[in-house]
Amino acid sequence: MDIFKRADAFINLKMSHMSTSDRVQASRDAKEIILAINEIYKKSKDEELMDLMKQLTGKKQKIEKRLKGSPTR
C-alpha cells in the first residue's frame with residue numbers, strides 16, 4: 001500500500017472502541033509511517049510532508065496517552 005494512503009487511513013482512523021491491542025498496533029503503524037515519510041522528507045524538504053508528520057504524531061500521542069492511562073493520586 002502506498003505510504004500516503006496508509007497515512008490518510010491512519011489519520012481517518014476512529015479511536016472509539018479500540019482495544020488495547022488495537023491501540024498498540026496503531027501506535028506501531030504510526031511510527032512506521034512517520035519514519036517512512038521522514039526519509040522522503042529528508043530528500044525533498046517539502047513542508048506538506050512535515051505537516052503530515054505533525055498530524056500523524058499528534059494522533060499517535062493521543063493513542064499513547066490512552067495506553068498509559070490516567071495517573072492515580
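- Rounded to the nearest 0.5 angstrom, I11 CD1 and L56 CG are separated by 4.5 Å.
- Distance check: L13 CG to K59 NZ gives 5.0 Å after rounding to the nearest 0.5 Å.
- Taking CZ from F4 and CG from L52, the interatomic distance works out to 7.0 Å, rounded to the nearest 0.5 Å.
- How far CE of M15 is from NZ of K62: 6.5 Å, rounded to the nearest 0.5 Å.
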Mind listing the side-chain donor-acceptor pairs of residues 27-39 below 3.5 Å, one per line with the distance, residues two or more places apart or on another chain?
residue : atom : partner : partner atom : Å
S27     : OG   : E64     : OE2          : 2.9
D29     : OD1  : Q25     : NE2          : 3.0
E32     : OE2  : R6      : NH1          : 3.0
E32     : OE2  : R6      : NH2          : 3.4
E39     : OE2  : K42     : NZ           : 3.3

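- Among residues at least two apart or in separate chains, there is no side chain to side chain donor-acceptor pair (under 3.5 Å) pair with a member in residues 45-58.
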